[in-house]
Amino acid sequence: MILYFTGTGNSKFAAEYIADHIGDECVSLNDIMKHKKPLIFNSEKPFVIVAPIYAGAYPKIVLKLIRRTQFTGSTKVYFVATLGSKSCSCDQSLKKLSADIGMECGGVFLATMPNNYIYGGHVPTAEDAEYIIKYTSIPALQSISKVIAGDDWFDYKACNSLVYPVAGFVNKMFNKFMVSSDNFVVSGNCISCGKCAAVCPVNNIIMIGGEPLFRKKCLNCYSCISRCPKKAINIGKRTEKFNRYVCPEYKDWKENGLV
Ligand SMILES: Cc1cc2nc3c(=O)[nH]c(=O)nc-3n(C[C@H](O)[C@H](O)[C@H](O)COP(=O)(O)O)c2cc1C
Ligand code: SF4
Ligand code: SF4
């Protein structure tokens, strides 16, 4: 069973690719969170958790969710981290997490995908994103699927163990000082369609009098900013001129023979 969390669709694409290639089912953690569904999963095949990397680690809420989940059946879990760069030191913390929840970690995999970190301004154009998915993400997902389909073990280690404490500190600071929607602004281009509220995985947006209002539980997944049809949501003025990125749907790529 593949469980995924996503902001802009990369991790959903990755999860659906893997599910399709290993013959397993996919479950959206966004849906579970949004609708407060029970966190109980049973699978005879290994569990696979797919989520993006935020400041060097899985989003805090995903880690919390995994700790609260009741897994029955298989006791093996694989972690797939989608990310915008090529390296990440999330392996130690995810291996520790699997031990804490009484599961055996089959492996921690990295899948480089288009970078959705709009605050950093790195967001690619649709054309560049397609190139990255075709030539970087899909080959990685192909190898990952092979290991998982074979029920094999994979030992990814971040190359330099000195990075762990630094990465842990950076992640802590990021979660403490950066994760917030306090500086999100909505421009006059808003057409009150409510899409931002509909796609927010944690119901951080409520529509009042046709206007989106942000509460205090944002994850900075950037789903609302990236999916607004009018590019009406910005982080201060900083993102006004930047691209918006949303990953193509896996099923469309499959129908078009691209995967
Ligand atoms: C808040 C935030 C922080 C991020 N931090 C990192 C990072 O530390 N390293 C990295 O390689 N990519 C980083 N990214 C990029 C995402 O991990 C990457 O684009 C991911 O595939 C997005 O997945 P999604 O479309 O499923 O949300 C970050 C993105 C966001 C939104
Ligand atoms: S998605 Fe954009 S246009 Fe629609 S309500 Fe939200 S901010 Fe307004
Ligand atoms: S309000 Fe925050 S958590 Fe909700 S969709 Fe926007 S960025 Fe994601």
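When a ligand or atom number is given, it counts from 1 through the structure's own listing order. The structure presented is a predicted model; accordingly, all values stated were derived computationally and were not measured.
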What atoms of ligand 1 come within less than 4.0 Å of a heavy atom belonging to Asn10? 19 (O), 20 (C), 21 (O), 22 (C), 23 (O), 24 (P), 25 (O), 26 (O)

I want to confirm something. Looking only at heavy atoms, which of Asn30, Asn116, Ile53 is nearest to atom 22 (C) of ligand 1? Asn116

Parallel, tilted or perpendicular: ring planes of Tyr131 versus Tyr135, cut at 30 and 60 degrees: tilted

Could you check whether any side-chain heavy atom of Lys95 comes within less than 4.5 Å of a side-chain heavy atom of Phe79, counting everything from C-beta outward? no

Are Ser226 and Asn116 close enough that a side-chain donor and a side-chain acceptor fall under 3.5 Å? no

When distances are taken from atom 27 (O) of ligand 1, the protein heavy atom at minimum range is Gly7 N, 2.8 Å

Can you tell if the side chain of Thr239 reaches within under 4.5 Å of the side chain of Arg244, non-hydrogen atoms only? yes

Between ligand 1 and Tyr4, can you find any atom pair, the residue atom being a heavy atom, that is separated by under 4.0 Å? no

Below the 2.8 Å mark, what number of protein N, O or S atoms do you get around atom 8 (Fe) of ligand 3? 1

Testing Asp128, Asn10, Asn115 for side-chain hydrogen bond (donor to acceptor under 3.5 Å, both in side chains) with Tyr245, which one passes? Asn10

Close-contact set for ligand 2 against Pro229 heavy atoms, below 4.0 Å: 1 (S)

Proximal atoms of ligand 1 relative to Leu83 (non-hydrogen, under 4.0 Å): 10 (C), 11 (O), 17 (O), 18 (C), 21 (O)

Basic-acidic side-chain contact under 4.0 Å: Lys12, Glu16: yes

Distance-only donor-acceptor check, side chains Asn243 and Thr125, under 3.5 Å: no

Please lay out, stage by stage, how Phe5 and Leu65 fare under the test side chain to side chain contact (heavy atoms under 4.5 Å, CB included). CA-CA 10 Å; Phe5 168 75; Leu65 228 62; over 6 Å; no

Per-atom contacts of ligand 3 with Ile205, taking only distances under 4.0 Å to non-hydrogen atoms: 1 (S)

Show which atoms of ligand 2 fall inside a sub-4.0 Å distance from at least one heavy-atom site of Met207. 5 (S)

Do any nitrogen or oxygen atoms of Thr8 come within less than 3.5 Å of a nitrogen or oxygen of ligand 1? yes

I need the atoms of ligand 1 closer than 4.0 Å to a non-hydrogen atom of Ser11, numbered in the order shown. 23 (O), 24 (P), 26 (O)

Please walk me through it: do Tyr222 and Val123 pass side chain to side chain contact (heavy atoms under 4.5 Å, CB included)? CA-CA 11 Å; Tyr222 296 158; Val123 180; over 6 Å; no

Do you see a donor-acceptor pair shorter than 3.5 Å between the side chains of Asp91 and Tyr164? yes

Min side-chain heavy-atom separation Ser137-Phe13 under 4.5 Å: no

Based purely on interatomic distance, does Ala55 place a nitrogen or oxygen under 3.5 Å from a nitrogen or oxygen of ligand 1? yes

Considering distance alone, does some N or O of Thr82 sit under 3.5 Å from an N or O of ligand 1? yes

Measure up the Phe184 and Phe214 rings against each other and bin them: parallel (under 30°), tilted (30 to 60°), perpendicular (over 60°). perpendicular

So what's near atom 8 (Fe) of ligand 2, protein N, O or S atoms under 2.8 Å? Cys190 SG

Among Ala14, Gly84, Ala57, whose heavy atom sits nearest atom 10 (C) of ligand 1? Gly84

Give me the residue, atom name and distance of the protein heavy atom closest to atom 23 (O) of ligand 1. Pro52 CB, 3.3 Å

Could you tell me if the side chain of Ile205 sits less than 4.5 Å from the side chain of Leu213, heavy atoms only? no

min-distance protein heavy atom vs atom 24 (P) of ligand 1 -> Thr6 OG1, 3.4 Å

Report yes if some heavy atom in the side chain of Asp151 is under 4.5 Å from a heavy atom in the side chain of Lys76; otherwise report no. yes

Heteroatom proximity flag, Cys221 to ligand 1, N/O under 3.5 Å: no

What distance do Cys190 atom SG and Lys230 atom NZ have between them, rounded to the nearest 0.5 Å? 10.5 Å

Where on Tyr54 is there a heavy atom closer than 4.0 Å to ligand 1, on the side chain, on the backbone, on both, or on neither? both

Provide the number and element of each atom of ligand 1 under 4.0 Å from a heavy atom of Phe174. 1 (C)

What I'd like to find out is whether the side chain of Tyr58 reaches to under 4.5 Å of the side chain of Leu63, using heavy atoms alone. yes

Do the side chains of Phe177 and Phe169 join up, straight or via other hydrophobic residues, at under 4.5 Å, putting them in one cluster? yes

Looking at residues at least two apart in the chain, or sitting in another chain, which of them share a side chain to side chain donor-acceptor pair (under 3.5 Å) with Asp20? Tyr250, Lys254

If we set the cut-off at 4.0 Å for heavy atoms, which region of Ser85 has an atom near ligand 1: side chain, backbone, both, or neither? both

Are any non-hydrogen side-chain atoms of Ile133 and Cys247 less than 4.5 angstrom apart? yes

Test applied, salt bridge (Lys or Arg N to Asp or Glu O under 4.0 Å); reference residue, Asp182; option that passes from Arg215, Lys216, Lys217: Lys216

Does at least one non-hydrogen atom of Gly9 fall below 4.0 angstrom from an atom of ligand 1? yes

A student comparing Ala129, Ser226, Pro114 should find that the heavy atom closest to atom 19 (O) of ligand 1 comes from Pro114

Return each pair, listed once, that meets ring pair (Phe, Tyr, Trp, His ring centres under 6.0 Å) where at least one residue sits in residues 30-50; pairs must be two or more places apart or across chains. Phe47-Phe71

Atom indices of ligand 1, in the order listed, that fall short of 4.0 Å to a heavy atom of Asn220: 1 (C), 31 (C)

Classify the contact between Tyr119 and ligand 1 as side chain, backbone, both or neither, using a heavy-atom distance cut-off of under 4.0 Å. neither

